[in-house]
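Below you'll find the structure, written out as structure tokens, and then a few comments.
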Amino acid sequence: MILQTTILPPQASEMAWHVDNLIWFIAGTTIIASLGVYAALFYFCVAYRDKPGNTGPTPRILGSHKLELLWTVIPLLIFLVMFGWGAWVYNMALHAPDDAPELYIVGKQWMWKVQYPGGQRVILAANNHDYEKEIGGQGYFEGVMVLPINRPVRIVTTSEDVIHDFGVPAFRQKLDVIPGRYTSTWYQPNKLGEYHVFCDQYCGTNHSLMIGKILVVEQADYEAWLEGRWKTGPGKNAVDGSLAHQGRQLFMKLNCIQCHGSTGSLNQSGNRAPNLEEIHKSRRPLKGGTTVTADDDYLRESIRKPRAKIREGWEPIMPAYGADKVSEEDLIKVIAYIKSLRKGETPVRTEDWVAPVGGPTESTPTEGGSQR
Amino acid sequence: MSAVIEAPKGNDSHEPHSEHVSYLKDGYSWSSWLLTVDHKRIGILYLLTISFFFLIGGILAGLIRFNLVSPTGWILDNDMYNKAFTGHGVVMLFFFLIPAVPGVMGNFFVPIMIGAKDMAFPKLNLASWYILITGAAFAVWALLAGGIDTGWTLYPPYSSRSSHSNVLPGVMGAFIAGFSSIATGLNIIVTIHRLRAPGMTWGRLPLFIWAMYATSLIQLLATPVLAIALVLLMIETGSNLAGAPVGIFDPALDGDPVLFQHLFWFYSHPAVYIMILPGMGVVSEVLTCFSRKNIFGYKAVAWSSVGIAIVGFLVWAHHMFVAGISFYAALLFSLLSMLVAVPSAIKVFNWVSTMYRGRITFQAPMIFTLGFIVLFTIGGVTGLFLATLGSDIHLHDTYFIVAHFHFVMVGGMVLAYLSALHFWWPKMTGVMYSDFWSRLAALIICIGYILTFMPQFWLGYHGMPRRYPNYPEDMRVLNVLSTAGYTIQGFGFLMCGTYLVMSLFSGKKAPANPWHATGLEWDIPSPPITHNFESTPRVVCGPYEYSLNITQSGKKANPDEPSEVATH
């Protein structure tokens, strides 16, 4: 813990490097100047302290215009260098490259709603209750804002209620988020990792919980994340707004979950159909001894005409979902979701969902965390 | 030497006459205090008032610091924490820092130091104390009714729409207190212009008077703008409460939230100089006295005060570099902020040079003043990080800011205030405090300050935002260090309060001029008589003729030592 505290804060963008150079330049010059002042102060205190028997008059020194001019002009010149350098960095920090994609961030007491150009959205917030009780002091974060490495993104912000401020210390960037207008900045992360997002403008009760994480990943991971194939955050959900996330909602709505449930949370006997985690591109043994690769066409066929190919060990009980029940568009979403399912990511069924007639009725009180 | 000193002509001896009693003995009834128009008694009323509010503000600071010992909040829930830091800010700024030196030392010593019997408007002077008390009553009401949770900056639309705390009484308190500040400023300006004793030319004014003059200019010209901003805020908040919202700052009602920030900082940045300039004046007095030297560069120090006051009006938007103001506005305000740093630098260099070849003694006022120079230097140079655009983006609204302004306000201003209190305590009360305990307390307070606020620079550089009761675990060590510093400081303050109060009962009687200082205030008995001077003093020289060993009225400053001009 001590080690973490004493090291320098992470530098995760080129802007951070520029800002740090500026900060250390100012720190260097001011530390040297201050130490000079302190050295003189200390020396005078020691050298000219009142000694016993020292009763003579002190010299009547009224000042020196030359010296005063010197220590007016020299600080002024140094300050002007700071000003110029600072303006240069500020200009860079303000103006994004023209081709940078835009991310919209809406602040609201006490969360950040991040919207990606493709419609994906993430909510950043921390939960007060979890913060204290469940996770023993570590921040519990609702969502993670994922950014690609070495690509610029322009951030456009506004607020739904009061003034907030979107600050990312690792990028050395900060921007007031003001209701009724857009403000913008930009980031170009250059280091993989997870970084703090803080609300830096006081906004009420849970101001200190209006925080989140930025995850900087490789471009390929970023694309996988946007598509919902790679997931972050609680509940192991595909990012909101992706096809996979929409498919997940259909997976619930169409009651697929009732039979293709999570194996871990139901009685083994309760599962009436195979678990679908990591099914995509796997070899599936079929009744009759053949195998088939679970590609898009197989998945489609298994939904439209479930009895065409029956998985080894299961009964052909699934009803067909024809175009009257699932449109082609929705089917694509469901398949995208099934393709995105990784180990342990099947949501846990709760009593909120009505089981189909004849289905298992046991329910578990907890749900995977996706509905917080 | 004759160019400097006029031969004193017909200058009466100012030995105290027994028929004139000290201002403390001139009536003992409640009304002789509460209805007094004596600037000295009013100064004491201010002293009691701001000491009370310093205690309240200090306790609130303790709540903040102890809550931050744990990353999830140790003793307060989030709402209570928000109310604690808002209370701390409002109380300390409006009811301690702004009235502290102008109210106590300004009232008590500006007339005496220029050789006047009282302020120009004694009744206005009393009225300004009552106005402050009225404002304070509203603030206390707001605190007792459950507190305010907007932060002292009161940014709408949070304050006008979203906050469900006592915004109206709190804002009303600050609004009313502002008029006290305006009245005091006006009074001091007129007093300095009209009531200077014969011979007290502008070039012979003690630097404390110059600093008070500059301060008063700001009080007079900037405070009305705050009043405007607060009235508009009260209209919006009140109309929201009444259910017929009037939009001024709230964008949902077609208002502009950034407008409030402009109005607010147009006052509140110069207000920083209201707080620090009197402190700078005190330092010039104390440093020359305990170094036995003339001030190095009287004109530079005097005009730098006025320069700070004027340029200080033109830098307000450096609080808004990340608030979406235009790029060119940001450039201009950054440049002007750099300019305002120059006079402060000049002052520090001149103060240090003043000590060159002096005969320095280290009584409590001097230790506080040296502490001021050390800590104010840190406060000043860290301001450069914030005036510089590129670095402000990162450091804005973090603990770096908190540390910066506490170094200026607390390390600078509070130390200067304590220095002034210790310097003039014998004059104000007629008794001496403990030399040993006061030196020790001065050291403890300085060390406590450094320990409290140094870690906060590092926290801010790591990005810890201000006003956060919850923070990442890895920032805990620095927060705990800071809280440890608070306890040391608190101990120092309690010590300071204890020996000062004890001195009232058991302190040695103070001589008229315990520090052998040269100001007019040291010519008269301690404590002074109600009318200050038996006869109007005649000023014969500049304020800091320590090397000549003469006071401004031409007497020996230190009677045991030879003087260039022996008058009696």
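These numbers come from the heavy atoms of this one structure, side chains and all, not from hydrogens, waters or symmetry mates. Computed from a predicted model, the values in this text were never measured in an experiment. A, B, ... follow the sequence lines: proteins, then strands. Residue 1 opens every chain.
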Legend entry - Parallel, tilted or perpendicular: ring planes of Trp71(A) versus Phe296(B), cut at 30 and 60 degrees: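 Aromatic pair Trp71(A)/Phe296(B) classed tilted.
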Between chain B and each of [options], count heavy-atom pairs under 4.5 Å; write down the option with the most.
| options | value |
| --- | --- |
| Leu80(A), Thr72(A), Thr29(A), Leu94(A) | Thr72(A) |
| Asp165(A), Ile163(A), Ile31(A) | Ile163(A) |
| Gly180(A), Gly167(A), Pro59(A), Ala170(A) | Pro59(A) |

Legend entry - Segment of Ala16(A) engaging chain B (4.5 angstrom heavy-atom cut-off):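 Answer is neither: Ala16(A) stays 4.5 Å or more from chain B.
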Proximal component of [X], with respect to chain A [non-hydrogen, under 4.5 Å]:
| X | result |
| --- | --- |
| Ala323(B) | both |
| Ser163(B) | neither |
| Phe349(B) | both |
| Thr354(B) | neither |
| Pro156(B) | backbone |
| Ser70(B) | neither |
| Arg466(B) | backbone |
| Val348(B) | side chain |

Inset, instruction - Indicate yes or no: at least one non-hydrogen side-chain atom of Val156(A) is less than 4.5 angstrom from one of Ile105(A). - result: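 They are not in side-chain contact.
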Legend entry - Close side-chain approach of Asp392(B) and His318(B), heavy atoms under 4.5 Å: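 Asp392(B) vs His318(B): side chains apart.
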Legend entry - Over 12 foreign heavy atoms within 6.0 Å of CD, Glu14(A):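 No, because the 6.0 Å sphere around CD of Glu14(A) holds 12 heavy atoms or fewer from other groups.
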Inset, instruction - Determine yes or no for a side-chain-to-main-chain donor-acceptor pair under 3.5 angstrom, with Thr388(B) supplying the side chain and Gly390(B) the backbone. - result: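 Looks like no, no N/O pair under 3.5 Å.
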Inset, instruction - Indicate whether any N or O donor in one side chain lies under 3.5 Å from an N or O acceptor in the other, for Tyr202(A) and Asn82(B). - result: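 Checked: Tyr202(A)/Asn82(B) side chains pair up, N/O donor to acceptor below 3.5 Å.
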Legend entry - Residue pair Tyr81(B), Phe85(B): steps toward the ring pair (Phe, Tyr, Trp, His ring centres under 6.0 Å) verdict: CA-CA 6 Å; Tyr81(B) 179 86; Phe85(B) 73 69; 5.7 Å; yes
Inset, instruction - Tell me, out of Ser162(B), Gly358(B), Ala345(B), who's got the most heavy-atom pairs with chain A below 4.5 Å. - result: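 Ranked by contacts with chain A, first place is Gly358(B).
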Inset, instruction - Before accepting this row, confirm whether a basic side-chain N of the pair Arg60(A)/Glu545(B) lies closer than 4.0 Å to the acidic partner's carboxylate O. - result: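 Looking at Arg60(A) and Glu545(B), the cut-off is met.
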